[in-house]
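Following: one structure in structure tokens, then a few remarks.
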Amino acid sequence: MPAPTPPPAELHGRILDWFDAHRRVLPWREEPSPWRVMVSEFMLQQTPVARVLPVFDAWLERWPAPADLAASPSGEAVRAWGRLGYPRRALRLHAAAVAIVERHEGRVPATYDELLELPGVGDYTAAAIASFAHGRRAVVLDTNVRRVFARVVEGVQFPAPGVVRAERDVAASLLPDDDPTAARWAAATMELGALVCTARSPRCEACPVAGLCRWRALGYPEHDGPPRRGQAWHGTDRQCRGRLLAVVRDAHEPVAPELMAAAWTDAPQRERCLDSLLDDGLLDVTPDGRFSLPA
DNA sequence: AACTCGTGGTT
DNA sequence: TAACCAAGAGT
């Protein structure tokens, strides 16, 4: 027995009107060129808006087009990425810029399928660029949209760990028919999740669809199911890799192994992480055995 | 499908 | 303070 779904027209009207009144002013929205949108989407993968803003501005000033980034060493992208986290994204953005020059004459492609072929572009990012940069109809399913639909439509506190078929069907069925409205809808549902229907303490008193929300109507039932696993950090390879890469990123000449050893004392783990950083292409070794960002 | 991969603000 | 979690992708 499928869940009764709120009338789409009312859902659309309320959320789109709310978006027009409350949308944030963001640099990739005010001037949504495809390259700017693409850079913002890479940076925003698992990273909050506030931390992206300054890096985004510096990045676009230095590399105003894909060809500009493609012509720079990948290590420069890693350095400019700074402390945004998950630095392999910087490498993938660089590789995507190279692919755009090689396969698309230096212009960010407009179709979901072409975008999906680019390094670092998965389902979400392909849909987001197609929608926000090119105004095309696409099912944009990020963590915000998933949470909004889980609550309003399904009546549960949190979405499943991975995107489920039924969930994609719901999102597709709610997507407005025409391109421009679908694109607004994607941005609006994301914004609602980011500003109102937040994970920890949702601001239901400010929500335009509180009266249509199934989770609210059910009395806010707590998450029921397997506990959602957190992300371990202290002592992990991620922490080790982050510390090692930071040493090289903040240096302006190749770093001697002794300095790397000072940054992480557990030798087996340090060596394992150095190997993985070299393997990922985040580090290079000079002929005399020092570590640098890749050329 | 489950796991890995950074960083730092918020609670 | 420790836990949570943020516009995910790749394997």
Side-chain angles (χ1 to χ4, degrees), chain A residues 19 23-24 26-29 32 36-56 78 81-93 95-96 115-133 138-148 157-165 171 183 186-195 197-202 223 226-250 264 269 272-273 275-277 279-283:
Chain A
F19 182 57
R23 56 181 291 174
R24 289 169 291 179
L26 299 171
W28 45 87
R29 272 186 188 159
R36 288 168 61 85
V37 170
M38 179 169 164
V39 170
S40 77
E41 291 303 338
F42 271 72
M43 292 183 174
L44 288 164
Q45 292 168 2
Q46 297 284 283
T47 304
V49 167
R51 292 231 312 282
V52 165
L53 289 171
V55 184
F56 175 84
V78 173
W81 197 256
R83 306 187 66 79
L84 282 184
Y86 291 145
R88 293 189 294 187
R89 292 182 292 165
L91 242 31
R92 291 177 184 142
L93 180 52
L115 289 161
L116 197 56
E117 294 298 315
L118 298 173
V121 177
D123 171 69
Y124 162 76
T125 302
I129 297 172
S131 185
F132 303 151
V139 177
V140 178
L141 262 189
D142 83 318
T143 185
N144 292 303
V145 177
R146 297 190 64 215
R147 189 173 53 251
V148 168
Q157 187 177 19
F158 297 115
V163 177
V164 187
R165 171 61 186 275
T189 47
M190 283 179 64
E191 193 78 336
L192 186 63
L195 298 183
C197 195
T198 57
R200 298 269 194 108
S201 40
H223 172 71
R228 309 192 299 151
R229 358 187 313 284
Q231 309 164 1
W233 175 244
H234 290 287
T236 62
D237 284 5
R238 288 212 328 283
Q239 185 185 24
C240 179
R241 284 166 53 104
R243 194 166 295 175
L244 294 173
L245 185 60
V247 172
V248 179
R249 193 178 56 222
D250 298 339
W264 195 268
Q269 185 176 27
R272 177 173 74 245
C273 289
D275 281 346
S276 72
L277 287 168
D279 202 53
D280 287 345
L282 284 165
L283 287 183

- Query: OH/A/Tyr124 to CD1/A/Ile129 distance, rounded to the nearest 0.5 angstrom?
  - Reply: 9.0 Å
- Query: Across the strands shown, which category fits A/Thr143 at heavy-atom distances under 4.0 angstrom: base, sugar-phosphate, nothing?
  - Reply: sugar-phosphate
- Can you tell me the distance, in whole Å, between the CG atom of A/Asn144 and the C1' atom of C/dA7? 7 Å
- Heavy-atom count around A/Arg24 CZ within 6.0 Å, excluding the residue itself: above 12? yes
- Message: So, OP1 or OP2 of C/dG8: does either fall under 4.0 Å of a side-chain N or O from A/Arg92?
- Response: no
- Between A/Arg241 and A/Thr236, do the side chains contain an N or O donor and an N or O acceptor separated by less than 3.5 Å? no
- Looking across every strand, which nucleic acid part, if any, lies under 4.0 Å from A/Ala128 by heavy atom: base, sugar-phosphate, or nothing? nothing
- Message: Could you tell me how far B/dC5 sits from C/dC5 if I compare only their C1' atoms? Round to whole Å.
- Response: 15 Å
- Message: Closer than 3.5 angstrom, by distance alone: can the side chain of A/Arg146 be matched with the main-chain N or O of A/Gly162 as a donor-acceptor pair?
- Response: yes
- Item | Listed nucleotide nearest any side-chain atom of A/Arg200, set C/dA3, C/dA9, B/dC3 | C/dA3
- Message: Using whole Å, what does the distance between atom C1' of nucleotide C/dA9 and atom CG of A/Leu115 come to?
- Response: 15 Å
- Query: Relative to the 5' end of DNA chain C, which residue comes earlier, A/Asp123 or A/Phe158, by the nucleotide with the nearest heavy atom?
  - Reply: A/Phe158
- Message: Any donor-acceptor pair, under 3.5 Å, between the side chain of A/Thr47 and the base of B/dG6, if you only look at N and O atoms?
- Response: yes
- Think A/Gln46 has a side-chain N or O under 4.0 angstrom from the OP1 or OP2 of C/dG8? yes
- Item | Pairwise C1' distance, C/dG10 and B/dA1 [rounded to whole Å] | 13 Å
- Rounded interatomic separation in angstrom, taking CZ from A/Arg83 and C1' from B/dG9: 14 Å
- Message: Using whole Å, what does the distance between atom P of nucleotide C/dG8 and atom CZ of A/Phe42 come to?
- Response: 13 Å
- Query: Would you say A/Thr125 reaches C/dA9's phosphate, i.e. side-chain N/O to OP1/OP2 under 4.0 Å?
  - Reply: yes
- Is there a donor on the side chain of A/Gln231 or the base of C/dA6 sitting less than 3.5 Å from an acceptor on the other? yes
- Query: Atom CH2 of A/Trp233 and atom C1' of C/dT1: how far apart are they, to the nearest Å?
  - Reply: 18 Å
- Message: Taking the P atom in each of B/dT11 and C/dA7, what is the distance between them to the nearest angstrom?
- Response: 14 Å
- Task: Quick one: label A/Val121 by what it contacts on the DNA or RNA (base, sugar-phosphate, nothing), any heavy atom closer than 4.0 Å.
- Result: sugar-phosphate
- Indicate, yes or no, whether a donor-acceptor pair under 3.5 Å links the base of B/dT7 to the side chain of A/Arg51. yes
- Message: How many whole angstroms separate atom CZ of A/Arg146 from atom P of C/dG8?
- Response: 10 Å
- Task: May I ask you to say what A/Trp81 touches in the nucleic acid, namely base, sugar-phosphate or nothing, with a heavy-atom cut-off under 4.0 Å?
- Result: nothing
- Candidates C/dA9, C/dC5, B/dT7 - which lies nearest the side chain of A/Arg249: B/dT7
- Task: Look at the side chain of A/Arg88 and the backbone N and O of A/Asp280, then say whether any donor-acceptor pair between them is shorter than 3.5 Å.
- Result: no
- Atom-pair distance (CG on A/Leu44; P on C/dA9), nearest Å: 12 Å
- Query: Quick one: is A/Arg241 getting a side-chain N or O under 4.0 Å of the B/dG6 phosphate, OP1 or OP2?
  - Reply: yes
- Query: So what does A/Leu245 touch, heavy atoms closer than 4.0 Å: a base, only the sugar-phosphate, or nothing?
  - Reply: nothing
- Item | Whole-angstrom distance between B/dG8 and C/dA9, as gauged at atom P | 23 Å
- Item | Spacing between A/Asp237 atom CG and B/dC5 atom P, to the nearest angstrom | 5 Å
- A/Arg147 side chain to A/Gly193 main-chain N or O, any donor-acceptor pair under 3.5 Å? yes
- Task: For A/Leu26, answer base if it contacts any base atom (sugar-phosphate contacts may also be present), sugar-phosphate if it contacts only those atoms, and nothing otherwise; contact means non-hydrogen atoms under 4.0 Å.
- Result: base
- Item | Minimum heavy-atom distance between A/Arg89 and A/Leu84, given as atom pair plus value | NH2-O, 3.2 Å
- Message: Would you say A/Arg147 places a side-chain N or O within less than 4.0 Å of OP1 or OP2 belonging to C/dC5?
- Response: no
- So what does A/Pro87 touch, heavy atoms closer than 4.0 Å: a base, only the sugar-phosphate, or nothing? sugar-phosphate
- Query: Looking for any heavy atom pair under 4.0 Å, which part of the strands does A/Gly85 touch: base, sugar-phosphate only, or nothing?
  - Reply: base
